Amino acid sequence: MGDYPDPDEEYELMYSDELDLLRDMDENSDSNPVRKKLLPAKRSLDFSSPIANKIPVVNETCNTNAPSNEHVSISLTPSLTALDDVLSPNVSNKRTVEDLFGDINDIDFDNIQLPSKRQKTEEESDMELIDKIIESRKLRQILAEPTSRGIADSGPDYDINENLTTNVPTWPFMSFTTWNGDRVYVRLECEDLWEKSLDAVTNQLSLKTTYASVWAEARKILETKKQQQETPNDSEEIITNKNVNELWVEKYKPKSYVDLLSDEPVNRTVLHWLHLWDKVVFKKDVKTKEPHQRNAFSKRTGQFQLSNKWKGKKEDEPELDDDGRPHHKVVLLCGPPGVGKTTLAHLLAKLAGYRPVELNASDERSTEAFQTALQSATLMQSVLDRERRPNCLVLDEIDGAPIQTVELLVKWCTTSVKKEEGKKKNKTQPLKRPVIAICNDLYATSLRPLRACALVVAVRGAGAARVCARLRRVARAEGVRVSARALAALGARAGGDVRAALQLLAFLEGRFDGTINIEDVENAAIGTRDNTTSMMQALQAIFTINDNNPNSILKTIQAAGEYDRIIEGIFENYLAARVDSRLLIACETTSWLRLYDAINTWIQRNQNYSMYSFLPLCIARCHGLLASRQTTKVKFPLQAQETSRRRAELESAVCGVRAARADVSRLALRLDLLPLLPYVLSPALRSANVQLCSESERKSLRTCAGAMCDYGLRYTQQRTLEGLYAFVLEPDIYKVAFFGTEERIRPPPAIRQAIAREQQLEVIRRNENMMNRMGNKTQSSEVKQKTDKRAANRDAAQLPNHLQRLQPKVIEKKTTTQVHKDFFGRIVPISQVHKQDAVSDVISSSDVFYQYREGFNNAVRRNVRLRDLL
Amino acid sequence: MSLWVDKHRPRDLMKLDYHKDQALRLKNLVQQSDFPHLLVYGPSGAGKKTRIMCLLRELYGSGAERLRQETMHFTTPSNKKIEIMTVSSNYHIEVNPTDVGIHDRVVIMDLVKNVAQTHQIDSSGQREFKVVILNEVDDLTKDAQHALRRTMEKYVTTCRLILIANSISRVIPAIRSRCLTIRVPAPTETEIASVLHAVCKKEGLSLPSELAMRIAKCADRNLRRALLMCESCKVQQYPFTPDQKVPEPDWQIYIRDTASLALSEQSPKKLGEVRQKLYELIIHGIPPDIIFAGLLKELVRNCDMAMKCQVANHAAQFEHRMRLGNKPIFHLEAFVAKFMAIYKKFVEESLGDAF
C-alpha cells in the first residue's frame with residue numbers, strides 16, 4: 001500500500017468522521033437474524049443479483065481501515081457479520097480510484113484549471129495498474145482466508161463530501177442556502193460524466209468474478225450455520241438486548257431476494273422485467289454480456305411458464321420494443337395490503353442496480369407535481385447518491401392518484417423514441433427508466449388507462465405456513481417464546497398480511513413479556529381486522545361449495561360489501577351455475593333477486609337503513625341455491641353498466657327530438673312517433689333527381705322534409721371510414737326505432753341527398769313564411785300609421801300618448817365616393833373608372849345574373865322558374 | 001306541420017271526430033266564466049291533448065295556438081342546476097315535470113308559483129287566470145304530487161291547472177278530489193277507421209275500408225299510431241291495396257319475437273337469450289310495464305284456461321313487485337323463468353298423459 005501513499009492518507013484524514021459514522025451504522029444493521037435463511041437459495045441469488053456476489057474490487061483505503069472495522073463487528077455479533085456483506089443491500093462498494101477521482105479531473109479539464117491532460121492520464125493508467133494488482137492480491141487473500149471478507153463493505157469510497165461542500169469548490173457547482181443561512185455547494189456534472197458513471201455501475205453489476213469467491217462465501221455461511229446450531233442459546237441471549245426503537249416490521253424487512261415472502265414467479269417476473277431495462281439504462285458496455293444474461297433469464301422464465309400464467313399468455317409478444325425498452329414500460333403490482341409489494345419493489349430495484357425513488361400518497365400528486373417528479377426521477381440523477389445508480393421510480397398507492405395523473409403516466413409510457421428524434425428537447429420525452437406502480441385495487445377506475453399498457457403482476461399473500469415460518473424466526477430472534485399453535489393461529493389470522501401478523505406479534509410480546517400462548521392470540525381482539533374480500537372473490541365464493549366452513553358465506557359477503565355489484569354478478573352468472581332443466585332453481589333465485597331489489601329500493605327511497613342487514617341474507621340464500629362443486633368461471637358483471645350506457649346514448653337522441661317538439665310526451669314519442677316516423681322519412685323515389693319525379697313523389701318528398709323540420713331532424717354530411725361523404729340523420733332516430741334492422745329501411749344515399757336538399761329548402765321556405773307574416777303585420781300597421789299621420793297632421797301633434805309609435809331608425813346607406821387608384825397610386829378620375837367598368841356594371845348592378853357556359857348538354861330542357869329553385 | 005297527425009288535428013271542440021257529447025259538455029263548461037282544475041286521463045293516443053288544446057282555444061281564442069318553446073332554469077335545494085323545456089303561449093304554459101326525474105318537485109313549486117303569483121294586469125276581455133298544463137302526472141314523485149295539492153287551492157283565482165295522466169291510479173286521492181276528472185276513452189276501431197277515411201279524403205286519397213280496419217286493429221286503439229301507420233302505408237305504396245303490409249312499430253315485433261323464443265324451448269340457455277332481448281328492449285326505452293303486457297299477451301295465446309289464469313296471476317304479481325324495485329330486468333326475467341317453468345311442467349304432464 002505504500003506504493004501510493006498520498007491519496008490514502010489524505011483520504012483517511014479527510015473522512016475519518018464519516019468512516020466512524022459508517023462503522024456505527026454497520027454495527028446497527030448487522031443484527032438481522034432473518035438472513036440466516038439465506039443458504040438454500042444460493043442459485044437464485046446469483047442469478048438475481050450479481051452485485052451481491054462479486055468480489056469487491058477493493059479500494060486501497062479499505063485495507064487500512066479494515067482490521068478495526070472487522071474487530072468491532074465480530075465482537076458484537078459474531079454469527080451474523082459474515083452474512084452481512086452478502087446480503088447487505090448497498091450494492092457496490094468497490095469503486096476504483098479512477099471512479100473516485102477521475103471524474104473530478106475531467107471536470108477540472110473542462111475548466112482548464114489543471115495544466116496538463118497528458119500527465120494526468122498517465123497517472124491514471126498507473127493507478128489502474130496498481131488497482132489491478134491490488135485486486136488480484138485481494139482475491140488471493142480472500143481465497144486463503146474467507147473470514148476477512150467482511151472488510152470490503154465497510155469502506156466508503158464515494159463520499160458525499162466529494163459533491164457537497166460549504167466552501168466554494170473548484171469544480172462547477174450550484175449553490176443552495178440552507179434553512180439557517182449556510183451556503184452549500186453541490187457539484188454539477190456534465191452528461192458525459194454521468195454516462196461514465198453509469199458504465200462504472202454496470203461494470204460492477206456484471207458477473208466478472210470467479211466462482212472461488214462464491215465457494216468461499218458458501219463455506220463461510222455453512223460454517224456460521226453450524227456454529228449457530230451449536231450455540232442457539234447464546235445467540236438468543238445476545239440478541240435480547242434489542243433495539244427497542246425500531247418497529248419489527250422495519251427491522252425484519254426482507255433485505256435480500258431470498259427473504260421475500262411473495263411468490264417466486266412474481267419476484268422473478270418483476271426482476272426479469274427490471275433487467276429488460278438494462279439495455280437502455282446501462283447501455284454502453286453491457287452489450288457483450290447482456291445478451292447472454294438476457295437469454296439466461298428468458299430461459300429461466302421459460303421454465304417458469306407453467307407456474308405463472310400471465311407470462312405464458314404474453315409469450316408471443318416481443319419483450320423489447322424497437323427502442324430497446326421493454327414492451328411494457330410500467331409494471332403494476334397489485335395485491336392486498338401487507339403482502340410486501342412496496343418491499344418487493346424497493347428490494348428488486350436495488351438488486352437490479354437502481355436507486356428507488358418513491359412517490360406515494362403522502363406526496364402531492366397533481367399533474368404538475370407529478371410531471372416534475374417524473375421528470376426529475378427519470379431524467380436526472382442524484383449527486384448525493386453514493387453509487388450514482390440510476391433512478392427507478394416507485395409509485396406507491398397509485399390507485400388513489402387522480403385520473404389525470406395516471407393518464408400523464410400513460411402518455412409518458414406510450415411516447416416512443418422515434419417520434420421524439422427530431423426535436424431533442426421535447427416536452428414529453430420517452431420514459432427511459434423503469435417505473436413500478438403499486439396499487440391495492442387493480443380495478444380502480446383511475447387505473448383503467450394504465451392497466452392496458454402495464455405489465456400487471458398480482459402479488460398474493462404468502463401462505464399461512466410461510467408466514468408462520470417467518471414469524472417463528474422473528475420470535476426466536478427477539479427471544480419471544482411462542483408456542484407453535486399460537487404461531488399457527490397468528491399466521492392464519494393474518495390471512496397473508498405479514499405486516500399485520502408482525503405487528504400483532506410485537507404487541508403481544510409487549511403485553512405478555514416473552515411468552516405467548518394460543519389463548520393470548522385468540523383473545524387478542526386487537527389483531528383481527530375486518531377482512532375485506534373483493535367483490536369477485538365473494539362472487540366466486542357464492543358459486544362454490546365451501547366444505548371447510550359452510551357458514552362463512554355470509555361473512556364473506558359482508559366483508560365484500562358492494563351488494564349491488566354482487567347481485568348483478570349473480571344475475572349474470574346464475575344461469576350457468578347449475579344444471580336446471582326445469583328452471584326451478586332459476587325461479588327460486590330470481591325470487592331472491594327480486595326481494596333484494598325491493599328491499600334495496602325501499603331503503604334508498606326512505607333513506608332508512610334499518611333493513612340494510614337483510615341484503616346480504618338475500619345473497620346468502622342465492623349461495624345456497626347456486627353453489628356447486630364444479631368450478632364455474634364467474635364473469636365480472638358488466639352488462640348493467642353497458643345497458644345504462646347504451647340507454648343513455650339512445651336517450652340523447654330522443655332528447656334531441658324533444659328539443660324541437662316539447663309538446664309531445666316522451667312516451668308517445670318513444671312508442672308511437674319515432675318507430676313509425678322512419679317509414680315516412682323514406683319516400684320511394686324513382687330517381688334521385690327531384691326534377692324528374694312525378695308530382696306525387698315530389699309531394700311525398702315535401703312531406704318528408706316537412707316532418708323532418710317539425711321534429712328537428714336533419715341530414716349532415718359525415719366522412720366515413722372509406723373517405724366517402726355520407727348523409728347521416730341527426731339525431732339518429734333509426735337507432736331508437738329499430739332493433740338492429742334499421743339499415744334496411746334507411747333510404748339509399750342518393751335519395752338521402754335529395755331529402756337533405758329538400759329539407760334545407762323547407763327550412764328556407766318556413767323562414768320566409770315567417771318573415772312574410774311579420775312583414776304583413778308591419779305593412780298593415782304602416783297603412784294604419786299613414787292614415788293616422790294624415791289625421792295627425794290635421795290635429796297638429798295632438799296625438800294621444802298611446803297612439804304614438806316609436807319610429808325605427810332608418811339605416812342610411814353610406815354613399816362615400818370611392819376613390820379609385822391605379823397601379824402607381826395615382827387617383828383616377830371617376831368618369832374614367834365608370835368607363836372601364838361599364839361592361840361589368842350591367843351584371844353586377846342586378847342581384848341575379850346568369851353565366852352562360854358554352855358546351856354540350858344532353859339534359860332534358862325545361863322551363864325553370866326562379867321560385868322553383870327557392 | 002306536415003305529418004298527418006299534426007296537420008289534421010282538430011282545432012275546434014265542435015269538430016272533434018268522436019266523444020262528441022263530451023266535447024259539448026266541455027264547451028258548456030268553458031262558456032260559464034269559470035272552470036275548475038282538470039285532470040284529464042286516458043290511454044295514450046286517445047286525444048287528451050287535442051281536447052285540451054281545443055279547450056284553450058275556446059277559452060282564449062286563437063292566441064292560445066301561437067306557441068313558443070322556452071327552456072326554463074331552476075336550482076334545486078342541493079344547488080343543482082336543472083333545465084326543462086316548456087311550451088307556452090300568452091295564456092298558458094305546458095311543462096313535463098318528469099323530464100327532470102326526481103327533481104320534479106322543484107319544477108312544480110317554482111313554476112306554478114311563478115305563474116300563479118303574477119296577476120293579469122289588463123283583465124278586460126281576458127280570462128283572469130292562466131292555465132298550467134302538467135303532463136304525465138301519474139309519473140310524478142309523491143313529493144311533487146304533495147307539493148301540488150296545496151298550490152292548487154292557494155292560487156285558484158289566478159291559475160288553473162290541467163293535469164294529464166294515463167291512469168289516475170297513481171295520482172294521490174288528494175289531487176283527484178281537487179280536480180274535475182275527465183276520462184278520454186280510446187276510440188273504438190270503427191271510430192279510428194272513420195277518422196282515417198276522413199283524413200285520406202282531405203288528402204285526396206282513396207282508402208279501402210278493409211285496409212282502414214286492418215290499420216285500426218293493428219294500432220291497438222291508438223289514433224296517433226293509426227294515423228302514422230296509415231301515412232307510412234301511403235309512403236310505401238300509394239294506390240292502396242286492401243292486403244298491403246301495414247308497418248308496425250319495431251318494438252312490438254321484437255316483444256313478439258321474445259315471447260316466441262320463450263315458447264320455443266324452456267331451458268336456462270334460452271332464458272339467457274331472452275334476457276339479451278329484454279335488455280335490448282330496455283335499452284330502447286320501452287317501459288317495462290309495456291314489455292310485461294306485451295309478453296303476457298303473446299305468452300297466454302298458447303295456454304289453456306287454467307294456465308292462463310296462473311300466468312296472468314304471476315305477471316300481475318311480478319309487475320307489482322317491479323314497481324317496488326328499480327331493476328326491471330330482474331323482474332322481467334323472473335317472469336319469463338316462471339312462465340318457462342310452468343309451461344315446461346304443463347308440457348311434460350300432457351306428454352305423460354299421452355303415453
Side-chain angles (χ1 to χ4, degrees), chain A residues 567 571 575-576 580-584 586-587 590-591 593-594 596-598 600-602 604 639-640 643 646-647 650-651 654 658-660 662-663 665-668 670-673 675-680 682-684 696 700 702-707 709-711 736-742, chain B residues 1-3 5-6 44-45 49 67 69 85-87 94 96 98-99 135-136 164 222 224-225 228-229 231-232 234-238 247 249-251 254 266-269 271-272 279-287 290 318 321 324-327 329-331 333-334 337-338 340-341 344-345:
Chain A
I567 273 289
F571 180 66
L575 287 176
D580 180 25
S581 67
R582 296 193 179 202
L583 291 145
L584 299 176
C587 288
T590 46
S591 80
L593 295 186
R594 280 161 50 216
Y596 172 90
D597 185 29
N600 193 23
T601 314
W602 185 86
Q604 278 170 8
Q639 208 156 15
T643 305
R646 283 184 57 200
R647 199 178 162 173
L650 292 184
E651 184 75 33
V654 177
R658 281 211 70 203
D663 58 329
S665 82
R666 189 176 295 222
L667 211 59
R670 271 249 157 91
L671 296 180
D672 301 337
L673 262 167
L676 291 167
L677 200 54
Y679 294 100
V680 183
S682 47
S696 68
S700 70
R702 228 9 233 284
T703 322
C704 166
C709 286
D710 286 347
Y711 290 92
V736 184
F738 293 99
F739 290 80
T741 54
E742 66 257 26
Chain B
M1 294 296 141
S2 48
L3 284 185
V5 199
D6 304 316
S44 169
K49 187 63 93 33
L67 302 177
Q69 277 192 19
M85 297 285 296
T86 61
V87 178
E94 182 188 337
N96 196 349
T98 43
D99 283 359
N135 274 315
E136 298 176 18
I164 305 177
N222 183 335
R224 186 192 299 122
R225 202 179 293 170
L228 276 163
M229 279 176 173
E231 188 170 3
S232 38
K234 189 244 148 191
V235 172
Q236 286 195 326
Q237 176 189 357
Y238 171 50
D250 211 32
W251 57 267
Y254 204 77
Q266 289 80 38
S267 68
K269 196 169 153 254
L271 190 56
Y279 264 132
E280 201 64 26
L281 281 166
I282 289 176
I283 286 168
H284 280 74
I286 310 299
I290 287 179
F318 284 36
R321 276 285 194 82
L324 296 181
N326 56 10
K327 286 194 170 68
I329 187 75
F330 285 6
H331 304 268
E333 180 160 312
K338 194 83 198 168
M340 279 183 169
K344 185 140 199 182
K345 199 176 158 209

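Just so we're on the same page: letters track the sequence lines, and every chain starts at 1. Here the structure is a predicted model, which means the values were calculated and not measured.
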Output for pair (A:Asn600 CG, B:Asn326 CG), nearest 0.5 Å, gives 6.5 Å
Is any side-chain heavy atom of B:Glu231 closer than 4.5 Å to a side-chain heavy atom of A:Thr703? yes
- Task: Take B:Glu280 and A:Arg647 through the test salt bridge (charged side-chain N to carboxylate O under 4.0 Å, His left out) and record every step on the way to the result.
- Result: CA-CA 9 Å; B:Glu280 201 64 26; A:Arg647 199 178 162 173; over 6 Å; no
Cut-off 4.5 Å, heavy atoms of chain B, and the answer for A:Gln604 is side chain
Honestly, the part of B:Tyr254 sitting under 4.5 Å from a heavy atom of chain A is side chain
- Query: A:Phe571 vs B:Tyr279 aromatic rings, parallel, tilted or perpendicular, using cut-offs 30° and 60°?
  - Reply: perpendicular
For B:Gln236 and A:Ser682, what are the C-alpha separation, side-chain angles and deciding distance, and is it a side-chain contact (heavy atoms from CB on, under 4.5 Å)? CA-CA 8 Å; B:Gln236 286 195 326; A:Ser682 47; over 6 Å; no
Okay, B:Lys338 and chain A: the region with an atom under 4.5 Å from a heavy atom over there is both
Looking only at heavy atoms, the pair that brings A:Cys587 and B:Ala337 closest together is SG-O, 3.5 Å
So, the part of B:Lys234 with a heavy atom under 4.5 Å from chain A: the answer is side chain
Given B:Leu281, B:Val5, B:Ile164, the one with more heavy-atom pairs under 4.5 angstrom with chain A than any other is B:Leu281
Looking only at B:Leu67, B:Ile283, B:Val235, the option with the highest number of non-hydrogen pairs under 4.5 Å against chain A is B:Ile283
Side chain to side chain contact (heavy atoms under 4.5 Å, CB included) with B:Ser44: of A:Leu671, A:Asp672, A:Leu667, only one passes, and it is A:Asp672
Highest number of heavy-atom pairs under 4.5 Å with chain B among A:Ala576, A:Ala586, A:Ala668 belongs to A:Ala668
Can you confirm whether B:Ile329 sits close enough to A:Gln639 that some side-chain heavy atom of one is under 4.5 Å from a side-chain heavy atom of the other? no
#### Entry: salt_bridge(A:Asp597, B:Arg321) N-O dist < 4.0 Å
no
* Asked: Are more than 12 heavy atoms from other residues, nucleotides or ligands located less than 6.0 Å from atom NZ of B:Lys345?
  -> no
With side chains defined as the heavy atoms from C-beta onward, is the minimum distance between B:Glu136 and A:Arg666 less than 4.5 Å? yes
Looking at A:Phe739, is its backbone amide N or carbonyl O close enough to the side chain of B:Asp250 to form a donor-acceptor pair, meaning the two atoms are under 3.5 Å apart? yes
Value for CH2 (B:Trp251) from CZ (A:Phe738), rounded to nearest 0.5 Å, stands at 13.5 Å
Could you tell me whether B:Glu333 and A:Arg594 make a salt bridge, using a distance below 4.0 angstrom between a side-chain N and a carboxylate O? no
Rounding to 0.5 Å, atoms CG (B:Leu324) and OG1 (A:Thr601) come to a distance of 8.0 Å
Assert top hit (heavy-atom pairs under 4.5 Å, partner chain A, pool B:Ala334, B:Pro287, B:Gly272) equals B:Ala334
Bottom line for A:Ala737: the part with an atom under 4.5 Å from chain B's heavy atoms is backbone
Scanning both residues in full, the closest heavy-atom pair of A:Leu673 with B:Arg224 reads CG-CD, 4.3 Å
Rounded to the nearest 0.5 Å, the CD1 atom of A:Ile567 sits from the NZ atom of B:Lys327 at a distance of 8.0 Å
Counting heavy-atom pairs under 4.5 angstrom with chain B, the leader among A:Leu677, A:Thr590, A:Leu584, A:Leu676 is A:Leu676
Most contact-rich option vs chain A, by heavy-atom pairs under 4.5 angstrom, among B:Asn222, B:Val87, B:Thr86, B:Leu228, is B:Leu228
Output for pair (A:Ser591 OG, B:His331 NE2), nearest 0.5 Å, gives 11.0 Å
If one checks every heavy atom of B:Gln266 against chain A at 4.5 Å, the contacting part turns out to be both
Considering only heavy atoms from C-beta outward, does the side chain of B:Asp6 approach that of A:Tyr711 to under 4.5 Å?
yes
dist A:Asp580:CG -> B:Ser267:OG (nearest 0.5 Å) comes out at 9.5 Å
